[in-house]
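Here the structure is laid out as C-alpha cells; the discussion comes afterwards.
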Amino acid sequence: MTQLQVNNPATGEKIAALQADDAASVATKARQARAGQPAWAARPLAERKICIEGFRAGVVRDLESLAITMTLETGKPIRMSRNELTGLLGRIDFFLEEADSATATETVLDEGGMREQIQHVPLGVVGNISAWNYPWFVGCNVIVPALLTGNAVLYKPSEYAAMTGLEIARLLHEAGVPRDVFIALIGEGAVGAALLEQDIDGLFFTGSYATGARIAKAVGSRLVKLQLELGGKDPTYVCDDADPKAAAESLADGAMYNTGQSCCSVERIYVHEKIHDAFVSTFVDTVKTFKAGDPMSEDTYLGSITRAPQLDVLDAQVADARAKGAKLHIGGKRIAGKGNAFEATVFSNVSHDMELMKEESFGPIIGIQKVASDEEAVRLMNDTRYGLTAGVYTPDRARAEAVLSKVNAGSVYWNCCDRVSPRLPWSGFGDSGVGLTLSSYGIEAFTRPRAWHLRAAG
Ligand code: NAD
C-alpha cells in the first residue's frame, strides 16, 4: 500500500501515515465520480443546500479539533487556524445565499410566441488540485460552489494539508454528500498528475505558477474548463500624504500574517521619500512585536515555513539582497531548532535588480523601496509578470484610484491589504492565473450556459 507520510513542520516529527492513491485508484475514483454525478445533479438545489448547511454545522461543531489538525500539519499559528475556519463560515453562507439567483434559469426574451432562456448546466466531474497555505479557504472556494451547482468533485488536497483534506471529505459525507460525488485523492504531485489523465470536465487549480503552467500544458488539448489561481508579488504604495504609522502597522501585518505565506501577502512596498524613514521605523518596531514560536501557542504570530525547500529560497533572496547593497533592519536567517522557521526580515534600500523584489518570497520577508512620485510607483508596481493584488495608502481616494487603475492586478486595495471577500471575484492577471473564484461569477464558473430557443406550437 502506498503511504503519504505527514510531518509536523514545527518539530520535524512524523504525525501520520495516510493511505495514498496511485494511478489505478485515481482512475477508479474518477469512474465512480462519473457514475455518481447525474443523480446528484438531478436533486433539487434545495437538497444540495441542506448538505452544505450540514457541512457548515460540522465545521462549527468540530472547529477546535480542525484548527489543531491544520496547525499540526502546516505550522499555521493556532489563532490563525481558528480565524480561517470562522472566516470560512461567512464564505459558505455567501454561497448558500447566492446559489439560487446565480443558477436560476433566465428568460431574456418572451415575445410573439418566442421565448429565449439561459440555463446553467453543471460542468459534470471537476478536478480540484489545491494548495496548503489556506486549505479550507482555497479548497472550499471550489468545492462548495461546485457541489451546490450539481458537479461531482475529485479533490486532491496538498500533500502538506492532506489530513485537513480528509477532514473536509469526512464532514461532507457526514452531511449527506454521497461518497461517489465528493472524493478525496491523497498523495503528492504524481497523484495530481494522474488526475489530469482522467475523464474530467473541469480542472480547478490553486498553487504555484510552475505547477499551474505544467497543468495548463498537460490538459491544454483536452478542452476541459481550466482555472488557475497562482502566485503573486503583490505591491503596495504609500503616498506622501499617508499617515506613515498607520500604514506601517497595517502593512507589517499584511506582509507577515500566516508567516508571509498568503497568496495575497504584501511582497513589495514602495514609500514616498518624504515619509520613507518614519514608515520604515514604525514598520520595524511593529515587526519586532510579532512573536515567533510554537504554532500551538496562543501568542505565536510567526509559525512554520510549511515546505522546507522554501527556506532555501528565503536564504537566497537574503544573500542576493545583501550582496547588492540592501539595508537589513531585522531578521535575515533561519531560526535554529528542529522545525522550519525563518526570522521576520525587513530590508530597505532595495531595487528591482534583487530577487527579493522580483520573485515570490512566500515567507516573512519584505523589501521597502523609496520612490519620488506616483509615476515611479506605478512603473515599479507593474514591473512584474504577476498581477494578483495591489494597494495604495493615502487619504485621497481620487489619487488612489488614479494609481490603482493603472496597475495590472485582479484585486486592488485602498488603505487596506491582504483581504479577500466572498462577494468579490478573486482572480489574477498575468502569471497570477486565469479564471476566478468567489462572488456570483465564482458560482457560475462551475456551470456552462445552455441556450434555449423555444417557439410555442401554432
Ligand atoms: P504547488 O504548485 O507546489 O502545489 C499545488 C498542488 O499541485 C499540490 O496539491 C501538489 O501536490 C500539486 N501538484 C504538484 N505537481 C503536480 C503536477 N505535476 N500535476 C498536478 N498536480 C501537481 O503549490 P503550493 O506550494 O501548494 O502552494 C503555494 C503557491 O500557491 C504559492 O505560489 C501561492 O501564491 C499560491 N496560491 C495562490 C492562491 C490564489 O488564490 N491565487 C491561493 C493560495 C496559494
Side-chain angles (χ1 to χ4, degrees), residues 4 6 9 20-21 23 26 73-76 84 91 127-142 154-162 164-165 184-198 200 203-220 226-234 257-267 304-311 313 340 359-363 384-389 409-411 418-422 424-439 442:
L4 176 70
V6 180
D21 281 285
V26 170
E73 69 179 340
T74 66
K76 186 192 291 272
E84 182 174 344
R91 291 196 188 185
N128 177 209
I129 301 177
S130 203
W132 49 265
N133 60 332
Y134 286 92
W136 285 90
F137 276 158
V138 295
C140 290
N141 286 354
V142 171
L154 292 160
Y155 169 56
K156 207 309 253 162
S158 166
E159 56 273 39
Y160 295 96
T164 291
L185 307 174
I186 299 300
E188 300 186 343
V191 172
L195 170 56
L196 306 178
E197 304 287 310
Q198 308 308 314
I200 51 176
L203 195 281
F204 294 76
F205 172 76
T206 307
S208 63
Y209 170 81
T211 311
R214 212 172 295 141
I215 288 175
K217 213 169 168 189
V219 301
L226 178 64
Q227 282 204 180
L228 305 170
E229 296 202 338
L230 310 177
K233 190 70 193 168
D234 298 2
Y257 190 86
N258 206 36
T259 322
Q261 299 168 113
S262 306
C263 51
C264 51
S265 286
V266 176
E267 289 243 346
S304 305
I305 299 302
T306 307
R307 291 175 64 254
Q310 199 63 21
L311 291 166
V313 173
N340 313 328
E359 293 305 323
E360 191 177 44
S361 305
F362 226 57
T384 176
R385 59 199 179 93
Y386 292 114
L388 194 57
T389 81
S411 292
D418 190 24
R419 185 175 189 280
V420 179
S421 164
L424 292 171
W426 185 247
S427 71
F429 290 8
D431 283 358
S432 290
V434 288
L436 59 89
T437 51
L438 299 174
S439 78

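Remember, predicted model here, so these are calculated numbers, not experimental data. Every number for a ligand or one of its atoms is a count from 1 in the order of the listing.
Looking at residues two or more places apart in sequence or on another chain, you find no salt bridge (Lys or Arg N to Asp or Glu O under 4.0 Å) involving Arg419. Partners of Phe137 according to the ring pair (Phe, Tyr, Trp, His ring centres under 6.0 Å) rule, which considers only residues two or more places apart in sequence or in another chain, are Tyr134.
Using 4.0 Å as the threshold, Trp426 has a heavy atom nearer than that to some atom of ligand 1. In this structure, Ser158 is part of the shell of residues with a heavy atom less than 4.0 angstrom from ligand 1. Residue contacts with ligand 1 include Phe205, since one of its heavy atoms falls under 4.0 Å from the ligand. Proximity of Ser130 to ligand 1 is established by a heavy-atom distance of less than 4.0 Å.
Numbered from 1 in the order shown, with element, the atoms of ligand 1 that lie under 4.0 Å from a heavy atom of Glu360 read 31 (C), 32 (O), 33 (C), 34 (O). Near Ile129, with a cut-off below 4.0 Å to any heavy atom, the atoms of ligand 1 are 6 (C), 7 (O), 9 (O), 12 (C), 20 (C), 21 (N). For ligand 1 and Gly189, the ligand atoms under 4.0 Å from any heavy atom of the residue are 11 (O), 13 (N), 14 (C), 15 (N), 16 (C), 17 (C), 19 (N), 20 (C), 21 (N), 22 (C). If you number the atoms of ligand 1 from 1 as listed, the ones under 4.0 Å from a heavy atom of Asn133 come out as 43 (C), 44 (C). Every atom of ligand 1 is numbered from 1 in the order shown, and the set under 4.0 Å from a heavy atom of Val138 is 42 (C), 43 (C). Interface atoms of ligand 1 facing Gly231, defined by a heavy-atom separation under 4.0 Å, are 32 (O), 34 (O). Close contacts of ligand 1 with Glu159, meaning ligand atoms under 4.0 Å from a residue heavy atom, involve 8 (C), 9 (O), 10 (C), 11 (O). Here is the list of ligand 1 atoms found below 4.0 Å of a heavy atom in Trp132: 24 (P), 25 (O), 26 (O), 27 (O).
At most 12 non-hydrogen atoms from other residues, nucleotides or ligands lie less than 6.0 angstrom from OH of Tyr209.
Note: Ile305 CD1 to Thr259 OG1 = 6.0 Å, rounded to the nearest 0.5 Å.
Among the atoms of Cys263, none of the N or O lies under 3.5 angstrom from an N or O of ligand 1. Below 3.5 Å of separation, one finds no N or O of Tyr209 facing any N or O of ligand 1. Ligand 1 has no nitrogen or oxygen under 3.5 angstrom from a nitrogen or oxygen of Ser432. Annotation: Gly207 places an N or O atom under 3.5 Å from an N or O atom of ligand 1; distance criterion only. Every N/O-N/O distance between Thr206 and ligand 1 stays at or above 3.5 Å.
With 3.5 Å as the limit, one finds a donor-acceptor pair spanning the side chains of Thr164 and Glu73. Counting only N and O atoms by type, the side chains of Ser361 and Lys233 include a donor and acceptor under 3.5 Å apart.
Because its NZ or CZ atom is not both nearer than 6.0 Å to the ring centre of Phe362 and within 45° of the ring axis, Arg307 does not count as a cation-pi partner of that residue.
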